S.K.: 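Here it is, the structure in full.
Remember, predicted model here, so these are calculated numbers, not experimental data.
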Amino acid sequence: MNNKTLTLLKPDDWHLHVRSGEALKSVIGASARQMGRAIIMPNLNPPVTNSMQANAYRDEILSALPAKSELTPLMVLYLTDTTTPEIITQAHSADVVAAKLYPAGATTNSTRGVTDIQNIYTVLEAMQKIGMPLLVHGEVTRSEVDIFDREAVFIDEVLSQVVQDFPELKIVFEHITTKNAVEFVYESSKQIAATITPQHLLNNRNDMLVGGIKPHTYCLPVLKRAEHQYALIEAATSGNAKFFLGTDSAPHAKHDKESACGCAGVFSAPHAIELYAQAFDQAGAIDKLEGFASKFGADFYTLPHNTSTLTLIKQDWVVPKRYEFANGIIVPFMAGQTLNWTLV
Ligand code: DOR
Ligand code: ZN
């Protein structure tokens, strides 16, 4: 590495939403341009709750990939109150790599999520036994809990207990947003890891709310105070292998975001690695990017590192104001703003 170019092993995205149908066709190429593999989130409508649906969704993704582009989709099951241990073992044999806990009502397409963690205890037992990771959207949903506290309360009320009851269960605490989550992951066993998004590294709630509401920065879990952002930057750039890349790129059409009831999700797939490079460079830790982006996630999932590479150069460019999306347009994260690293 010199100070102008940076060559990395190809990264993987350990948390990605690509939707289906026309939306899928318009976003999948962006991830394929830079990622080797991607953990595909199952919160479609209806959700991906069994191995047959996971296989069909995998096929749809593979056939939506533009010619000559490669991306290996890693499929995930959506847990419901009625998921059984048999569904899990069947999915495991069908190369489904993980299952995702959405607390019911926590986020987009989560109405069929889990209403009480006890409802999936036999499922967690089965996952622990076969070594299938549990991916967690870590927020409680009780209406009296302030939206900025929902992650911290989830740690106290749900996750701590799960970790205690299933000490061998591998867990990825997805898109962490608080210093509470960072501390929890540091203090937990090696079975517990976390993904961190580019928006939670580059933004805090002021970026969303000062000077007017910026709907394209609204996601769940919602952006927090700057002190939490700094804890996430510290964790991501620490070189600790428990923290790795997961964009949570979550495409929604412009009109669905710029609405009286705008939906949650930040679209970062087209420039994901450049966004992370920006955050790491600002923290003076660009040398720590490769571990976070290209090694630690694969190690956690016990998969090999990618062998090809990609190169970034330190050169300013401006993020496009919009991309085409299904039958409309989509506004990417940091639209119109300048980034300092460019993917070659
Ligand atoms: O902001 C978010 N958008 N958070 C999620 O958990 C889901 C995602 C989506 O699917 O749009
Ligand atoms: Zn997500």
S.K.: Do N43 and N109 have side-chain atoms, one donor and one acceptor, less than 3.5 Å apart?
M.R.: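 No - no donor-acceptor pair under 3.5 Å links their side chains.
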
S.K.: Do L209 and L223 have side chains that get closer than 4.5 Å, going by heavy atoms?
M.R.: no

S.K.: Please answer whether the main-chain N or O of N204 pairs with a side-chain N or O of D207 as donor and acceptor at a distance below 3.5 Å.
M.R.: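 Yes, the answer is positive, given that a donor and an acceptor are paired below the 3.5 Å cut-off.
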
S.K.: Looking at R322, is its backbone amide N or carbonyl O close enough to the side chain of K254 to form a donor-acceptor pair, meaning the two atoms are under 3.5 Å apart?
M.R.: no

S.K.: Looking only at heavy atoms, what is the nearest atom pair of E290 and T7, with distance?
M.R.: OE2-O, 4.4 Å

S.K.: Can you tell me if N327 has over 12 outside heavy atoms packed within less than 6.0 Å of its CG?
M.R.: no

S.K.: Can you confirm whether E227 is buried at CD, in the sense that more than 12 heavy atoms of other residues, nucleotides or ligands lie under 6.0 Å from that atom?
M.R.: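 Enclosed.
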
S.K.: Quick check: closest heavy atoms across V319 and P332, and the distance to 0.1 Å?
M.R.: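 Heavy atoms of V319 and P332 come nearest at CG1-CG, 3.8 Å.
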
S.K.: Whether the side chain of T237 engages the backbone of I233 through a donor-acceptor N/O pair (distance < 3.5 Å, no angle test) should be reported.
M.R.: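 Flag set: sc T237 to bb I233 pair under 3.5 Å.
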
S.K.: State, to 0.1 Å, how close Y186 and E234 come at their nearest heavy-atom pair, and which atoms those are.
M.R.: OH-OE1, 3.2 Å

S.K.: For atom CZ of R205, is the number of surrounding heavy atoms from other residues, nucleotides or ligands below 6.0 Å larger than 12?
M.R.: yes

S.K.: Using a 6.0 Å cut-off, check whether atom CD of E70 has over 12 heavy atoms from anything other than its own residue.
M.R.: no

S.K.: Side chains of T247 and V266: closer than 4.5 Å at any heavy-atom pair?
M.R.: no

S.K.: Under 4.5 Å between any side-chain heavy atoms of E187 and I192, yes or no?
M.R.: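 No; the side chains remain at least 4.5 Å from each other.
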
S.K.: Got a sec: does the CD1 of I213 have more than 12 other heavy atoms crowding it under 6.0 Å?
M.R.: no

S.K.: I'd like to know whether R19 forms a side chain to side chain contact (heavy atoms under 4.5 Å, CB included) with V27, so could you lay out the CA-CA distance, the side-chain angles of the two residues, the decisive distance to 0.1 Å, and finally the verdict.
M.R.: CA-CA 9 Å; R19 316 301 186 203; V27 299; 5.7 Å; no

S.K.: What are the two closest heavy atoms between L9 and H305, and how far apart are they?
M.R.: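 Heavy atoms only, the tightest pair is CD1-CB, 4.1 Å.
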
S.K.: Give the cluster check for L201 versus I273: same hydrophobic cluster or not, with ILVMFWY residues linked at side-chain heavy-atom distances below 4.5 Å.
M.R.: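 Yes, it is one cluster - the side chains of L201 and I273 are joined through contacts under 4.5 Å.
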
S.K.: What's the shortest heavy-atom distance between I196 and A235, and which atoms?
M.R.: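 Heavy atoms only, the tightest pair is CD1-CB, 4.3 Å.
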
S.K.: If you look at every heavy atom in F243 and V182, which pair is closest and at what distance?
M.R.: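 In terms of heavy atoms, the two residues are closest at CZ-O, 4.0 Å.
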
S.K.: Does one hydrophobic cluster hold both L16 and I176, with members joined at side-chain heavy-atom distances below 4.5 Å?
M.R.: yes

S.K.: Does the ring center of Y301 lie less than 6.0 Å from the ring center of W14?
M.R.: yes

S.K.: One thing to verify: whether D95 and R58 come together as a salt bridge, which I'm taking to mean a side-chain N less than 4.0 angstrom from a carboxylate O.
M.R.: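 No, R58 and D95 are not salt-bridged.
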
S.K.: Could you walk me through whether D12 and T72 pass the side chain to side chain contact (heavy atoms under 4.5 Å, CB included) test, one step at a time?
M.R.: CA-CA 9 Å; D12 301 298; T72 303; over 6 Å; no

S.K.: Is it the case that K224 and T178 place a side-chain donor and acceptor less than 3.5 Å from each other?
M.R.: no

S.K.: Do other residues, nucleotides or ligands put more than 12 heavy atoms under 6.0 Å from the OH atom of Y230?
M.R.: no

S.K.: Can you label the angle between the F173 ring and the F184 ring as parallel, tilted or perpendicular, going by 30° and 60°?
M.R.: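 F173 vs F184 ring planes: perpendicular.
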
S.K.: So among H15, H17, H200, which one has a ring-ring contact (aromatic ring centres under 6.0 Å, His included) with H175?
M.R.: H15

S.K.: Assess the residue pair T195 and F244 against the criterion (side chain to side chain contact (heavy atoms under 4.5 Å, CB included)); give the C-alpha distance rounded to whole Å, side-chain angles, the decisive distance to 0.1 Å, and a yes or no.
M.R.: CA-CA 5 Å; T195 53; F244 47 82; 3.7 Å; yes

S.K.: State whether E157 and R142 are salt-bridged, where the test is any N-O pair (Lys NZ or Arg NE/NH1/NH2 against Asp/Glu carboxylate O) under 4.0 Å.
M.R.: yes

S.K.: Taking atom types as modelled and ignoring hydrogens, do the side chains of T338 and D316 form a donor-acceptor contact shorter than 3.5 angstrom?
M.R.: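 Their side chains do not contain a donor-acceptor pair, so the 3.5 Å distance test is not met.
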
S.K.: Pair V331, E258 - check side chain to side chain contact (heavy atoms under 4.5 Å, CB included), show working.
M.R.: CA-CA 10 Å; V331 178; E258 296 175 10; 4.2 Å; yes

S.K.: Ignoring hydrogens and geometry beyond distance, is a side-chain donor-acceptor pair present between Q191 and S189 at under 3.5 Å?
M.R.: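 Judged by distance alone, the side chains do not pair up.
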
